[in-house]
S.K.: 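Attaching a single structure in structure tokens format; questions to follow.
Here, residue 1 is the first one in the sequence, and each next residue gets the next number.
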Amino acid sequence: MKKDKVSIIMGSQSDWKTLQLAENILNDFKISNEVKIVSAHRTPERLYRYAKNAHKNNIKVIIAGAGGAAHLPGMVASLTKIPVLGVPIESKLMNGLDSLLSIVQMPYGIPTATFAIGEAGAKNAALFAVSLFANTDKNISKKLSKWRDDLTKAVSVIPKRK
């Protein structure tokens with residue numbers, strides 16, 4: 001039996017710098033994952049095959065990162081019922097605002113969860129995927145609780161003075 005997994009997809013190789021942070025978090029939580037380049041504009045047939053067959057490949061969550069026009073998350077969401085977590089990649093022209101607006105403005109009926117631009121978005125998309133897996137996996141749930149406890153403990157009550 002194949003293991004449930006998260007799929008991380010991106011529009012181009014340049015998006016990997018940001019999305020590898022999501023993979024790192026999934027690996028830290030020992031959540032099976034795969035990484036693919038699936039361009040909405042340059043490889044539309046690959047996108048269609050990927051999205052239509054994702055459920056057959058035991059994919060339970062898709063993290064889709066794209067910059068600029070950022071059509072990838074929405075196009076994938078239109079072709080599958082699997083939850084799509086959109087990560088706007090920081091772009092040169094508008095610092096990722098164009099990507100954010102493209103992903104967040106999905107029409108009613110084709111939901112795409114949208115995260116912050118860039119690195120914070122990639123990390124939070126992965127943590128959101130972890131929390132979805134934690135709903136049905138007690139080991140992941142315990143790891144996530146410990147991770148959040150450690151995050152809380154790392155915040156000082158009193159600022160350090162020099």
Side-chain angles (χ1 to χ4, degrees), residues 1-91 96 98-100 102-104 106 109-148 151:
M1 189 168 122
K2 290 185 178 179
K3 194 171 186 181
D4 292 344
K5 63 186 164 191
V6 176
S7 184
I8 301 170
I9 60 173
M10 64 207 77
S12 67
Q13 179 65 46
S14 61
D15 301 337
W16 178 238
K17 181 180 178 207
T18 300
L19 292 170
Q20 68 184 348
L21 301 169
E23 183 191 44
N24 293 343
I25 288 172
L26 295 171
N27 288 341
D28 287 347
F29 281 91
K30 297 191 179 4
I31 293 176
S32 181
N33 62 83
E34 66 176 25
V35 178
K36 296 183 182 292
I37 296 175
V38 182
S39 172
H41 303 114
R42 291 176 297 234
T43 64
E45 290 163 2
R46 183 186 306 169
L47 178 147
Y48 186 85
R49 278 192 312 274
Y50 165 83
K52 284 294 190 182
N53 293 304
H55 68 283
K56 293 177 187 174
N57 294 316
N58 287 40
I59 296 169
K60 299 303 178 195
V61 180
I62 298 169
I63 296 174
H71 292 135
L72 180 61
M75 287 301 300
V76 170
S78 75
L79 295 166
T80 185
K81 294 178 186 84
I82 295 168
V84 176
L85 312 180
V87 178
I89 302 296
E90 190 171 342
S91 60
D98 49 346
S99 311
L100 173 66
S102 179
I103 296 171
V104 80
M106 287 301 296
I110 309 297
T112 302
T114 309
F115 291 83
I117 297 167
E119 294 182 2
K123 291 175 182 177
N124 278 336
L127 288 168
F128 192 87
V130 169
S131 70
L132 291 174
F133 276 67
N135 283 326
T136 57
D137 186 311
K138 289 180 183 180
N139 289 329
I140 293 173
S141 180
K142 287 177 187 176
K143 287 179 191 176
L144 182 58
S145 291
K146 182 185 178 324
W147 187 89
R148 288 187 175 185
L151 185 67

S.K.: Under the 3.5 angstrom rule, does the side chain of R42 hit a backbone N or O of G11 as a donor-acceptor pair?
M.R.: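 At least one qualifying donor-acceptor pair exists.
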S.K.: Between atom CG of L144 and atom CG of N135, what is the distance when rounded to the nearest 0.5 Å?
M.R.: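 The CG atom of N135 is 9.5 Å from CG of L144, to the nearest 0.5 Å.
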S.K.: Tell me if a side-chain donor or acceptor on T80 pairs with a main-chain N or O of V76 at a distance below 3.5 Å.
M.R.: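 No: the side chain of T80 does not pair with the backbone of V76.
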S.K.: Report the distance from atom CZ of R148 to atom OG of S131, rounding to the nearest 0.5 Å.
M.R.: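 Those atoms lie 6.5 Å apart.
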S.K.: Output the distance between atom CG (D15) and atom CD (Q20), rounded to the nearest 0.5 Å.
M.R.: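 So the CG of D15 and the CD of Q20 are separated by 11.5 Å.
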S.K.: Which heavy atom of T18 sits nearest a heavy atom of A122, and at what distance?
M.R.: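 Closest pair (atom of T18, atom of A122, distance): O-CB, 3.4 Å.
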S.K.: As an exercise, state the distance from CG of L127 to CZ of F115, rounded to the nearest 0.5 Å.
M.R.: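 Between atom CG of L127 and atom CZ of F115 there are 9.0 Å.
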S.K.: In this structure, which one of L26, I25, N33 forms a side chain to side chain contact (heavy atoms under 4.5 Å, CB included) with F29?
M.R.: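 With F29 as partner, L26, I25, N33 yield a single side chain to side chain contact (heavy atoms under 4.5 Å, CB included), made by I25.
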S.K.: For I89 and I117, which heavy atoms make the closest approach, and how far apart are they?
M.R.: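 So the two residues come closest at C-CG2, 4.4 Å.
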S.K.: Please lay out, stage by stage, how I103 and H71 fare under the test side-chain contact (heavy atoms from CB on, under 4.5 Å).
M.R.: CA-CA 7 Å; I103 296 171; H71 292 135; over 6 Å; no
S.K.: Do the side chains of W16 and E23 get nearer than 4.5 Å, heavy atoms only?
M.R.: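 Counting from C-beta outward, E23 and W16 do come under 4.5 Å.
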S.K.: If you look at every heavy atom in M10 and L72, which pair is closest and at what distance?
M.R.: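 So the minimum-distance heavy-atom pair works out to C-CD2, 3.5 Å.
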S.K.: What distance do I62 atom CD1 and K5 atom NZ have between them, rounded to the nearest 0.5 Å?
M.R.: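 Going from CD1 on I62 over to NZ on K5, the span is 11.0 Å.
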S.K.: Considering only heavy atoms from C-beta outward, does the side chain of H55 approach that of K81 to under 4.5 Å?
M.R.: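 Not in contact.
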S.K.: Considering non-hydrogen atoms only, spot the tightest contact between A54 and I82 and give its length.
M.R.: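 Shortest heavy-atom contact: CB-CD1, 3.5 Å.
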S.K.: Could you go through I63 and V87, starting from their C-alpha distance and side-chain angles, then the distance that decides it, and tell me whether this counts as side-chain contact (heavy atoms from CB on, under 4.5 Å)?
M.R.: CA-CA 7 Å; I63 296 174; V87 178; 3.9 Å; yes
S.K.: Looking at N53 and Y50, would you say the former's side chain and the latter's main chain have a donor-acceptor pair under 3.5 Å?
M.R.: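 No, because the side chain of N53 does not come within donor-acceptor range (under 3.5 Å) of the backbone of Y50.
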S.K.: Test L85 against every option in V61, I8, T114, T112 by the side chain to side chain contact (heavy atoms under 4.5 Å, CB included) rule and name the one that passes.
M.R.: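 Among the candidates, only V61 passes.
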S.K.: Would you check if the side chain of R46 reaches a backbone N or O of I37 as a donor-acceptor pair within less than 3.5 Å?
M.R.: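 Confirmed, R46 side chain pairs with I37 backbone.
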S.K.: For a quick test of reading the model, state the closest non-hydrogen atom pair linking S99 to G68 and the distance between them.
M.R.: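 Where S99 meets G68 most closely, the heavy atoms are OG-N, 2.9 Å.
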S.K.: For the atom pair NZ (K52) and CG (L47), what is the distance rounded to the nearest 0.5 Å?
M.R.: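 Between atom NZ of K52 and atom CG of L47 there are 11.0 Å.
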S.K.: If we ignore hydrogens and angles and just use 3.5 Å, is the side chain of D137 paired with the main-chain N or O of I140 as donor and acceptor?
M.R.: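 At least one qualifying donor-acceptor pair exists.
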S.K.: Which heavy-atom pair separates D98 from S91 by the least distance, and what is that distance?
M.R.: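 For D98 and S91, the tightest heavy-atom pair comes out as OD1-OG, 2.7 Å.
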S.K.: Does S102 use its side chain to pair, donor to acceptor, with the backbone of A69 at less than 3.5 Å?
M.R.: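 Such a contact is found between S102 side chain and A69 backbone.
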S.K.: Keeping S78 on the side-chain end and M75 on the backbone end, is there a donor-acceptor pair under 3.5 Å?
M.R.: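 Flag set: sc S78 to bb M75 pair under 3.5 Å.
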